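Everything on this sheet refers to the single structure shown next.
What's counted below: heavy atoms across the whole structure, side chains too, no hydrogens, waters or symmetry copies. Keep in mind that this is a model prediction, so the values were computed, not measured.
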Amino acid sequence: MTLPEVGPLIGFSAVVAVAAALLPTLWLADRIRLVPPASLVACGVSLAVTFLYPGPAVNATANWWLLETVALLVLIVPAVRRPSPRTSLTLGTPLIITVTLLPLRLILRVDPHATFGQASRLCLAWALLSAASVGGGCYLRSLDSRSRAAVVAERRTQRVDLARDLHDFAAHDVTGVVVLAQAAQVLAREDPRRAIELLPRIEAAGAQALAAMDRTVQVFAETARVERGEVVGQPGGAEVTPRLPRDLGELPSLVSRFTRTGSIEASLDLASGALEELPNHVSSLGYRVVVEALTNVRRHAAGATKVRIAVFRAPHDVVAEALHVLVTDDGRQCQSPPDLADPDRQGGGFGLTSLTERVEAQSGTLAAGPRMQGWQVSAVLPITASPRARHQMADVDGPAEVRSPPATSQIR
């Protein structure tokens, strides 16, 4: 910069361009608002120097000119990458024009002067370099768009999962409140004393429903914090994904609560070792099957007095080991699936139909249908598959085969 041929104009223009190019790289997170004005200032300074530099053009001048060219090409990439098309056009166009005209700084001051054809070819070459930078910016912009779309889809999926949690868990307890309230209305006409005896059970069912809804709302709040950029952390500082911790380990309390808050007696036949080293996704899905089946028993099993839940492990078709979940009741035979038995009540698509999709997504099967007396829901959830048949897992279909469970521990 101290050479007389370079002068302060050439050095200052290059330094401004380099500083503007480094700004989005080093301070993008907290200085993003400075990138547009810095880019426009770099363009203005470069164009001014291109037409005001008196010359002569020598090797030292060319070195600074190349440095400025690289800096402006780098600056095109974040300018085009910006999500707003209007902003990208506003920043990208001046930068492209500046880079395209940058060769004029040398060819207009070289001795002997360059011809028009030589000047045009050199400017065209620099325009092609600008196009390459624009292509890189557009590619990164497409990756950003895909990333944002993936985040939106993931948030939508998470909200649907939380809605399923609210349906599967809270609706189960709310149904118990409704059934007990209906029974109390009937008993109030015949035996008011027995109707009063139902009030503590209604209160217990309502408290359980409120607890389930509180847990779901808490998960919604934690999810919103994650979306706002706030970290939901553990003591070690690791980020966690909010979930409702429901699995088959809660079956005994679920069965006890179902019997206590309703008029139907539930029993649990849990095979020895059925829940040992059970994958979390299998245990969670099995619990949802039981909850949905018990909810449908209360809503649709007219005259049912008993319901039996059996959980055991056994082979099934090509599956070497699968978890079998059976829920049967002794109510009157129903001619239509539970999801369709009440056309006036809209379940939001989170009943057996949605549950079947989730089971089949894990290569399992879910079947619901009438028996000689009552209704049965049977689910087969693969745990492991034989090596020969793993490639056939996606084709496993059909109703679950009902097998007699092995030795069980019975809870009533």
Minimal non-hydrogen separation, Ser363 against Pro382, with atom names: O-CG, 3.2 Å
Salt-bridge present (Glu321, Arg313; N to O < 4.0 Å): yes
Working for side chain to side chain contact (heavy atoms under 4.5 Å, CB included), residues Arg358 and Arg288: CA-CA 10 Å; Arg358 302 186 68 171; Arg288 289 177 184 273; 3.7 Å; yes
Value rounded to 0.5 Å, distance of SG in Cys43 from CG in Leu75: 7.0 Å
Any Leu285 side-chain heavy atom under 4.5 Å of Gln362 side chain: yes
Minimum heavy-atom distance between Gly249 and Ser283, given as atom pair plus value: N-OG, 4.4 Å
Non-hydrogen atoms of Thr259 and Ala266 that approach each other most closely: OG1-N, 3.0 Å
Sub-4.5 Å side-chain heavy-atom contact between Leu323 and Phe312: no
Check: His324 side chain, Ala314 main-chain N or O, donor-acceptor pair, under 3.5 Å: yes
Steps toward side chain to side chain contact (heavy atoms under 4.5 Å, CB included) verdict (Val134, Ile96): CA-CA 9 Å; Val134 170; Ile96 295 172; 3.6 Å; yes
Audit row: Leu294, Val307, side chain to side chain contact (heavy atoms under 4.5 Å, CB included) steps and yes/no: CA-CA 8 Å; Leu294 292 179; Val307 59; 3.9 Å; yes
4.5 Å side-chain heavy-atom contact, Ile309 and Leu254: no
Close side-chain approach of Glu360 and Thr365, heavy atoms under 4.5 Å: no
4.5 Å side-chain heavy-atom contact, Ser46 and Leu102: yes
Closest approach of Cys138 to Val80 (non-hydrogen atoms, all atoms of both residues): SG-CG1, 3.6 Å
N-O pairing of Asp269 and Arg308 below 4.0 Å: yes
From Val99, Thr69, Leu72, Leu95, residue fulfilling side chain to side chain contact (heavy atoms under 4.5 Å, CB included) relative to Ser130: Val99
Closest non-hydrogen atom pair, Pro78 against Arg82: O-CG, 3.2 Å
Any side-chain heavy-atom pair of Arg81 and Ser88 under 4.5 Å: no
Any Tyr287 side-chain heavy atom under 4.5 Å of Leu248 side chain: yes
Side chain proximity check, Leu89 to Pro85, heavy atoms < 4.5 angstrom: no
Shortest non-hydrogen contact from Val45 toward Ser13: CG1-CA, 3.8 Å
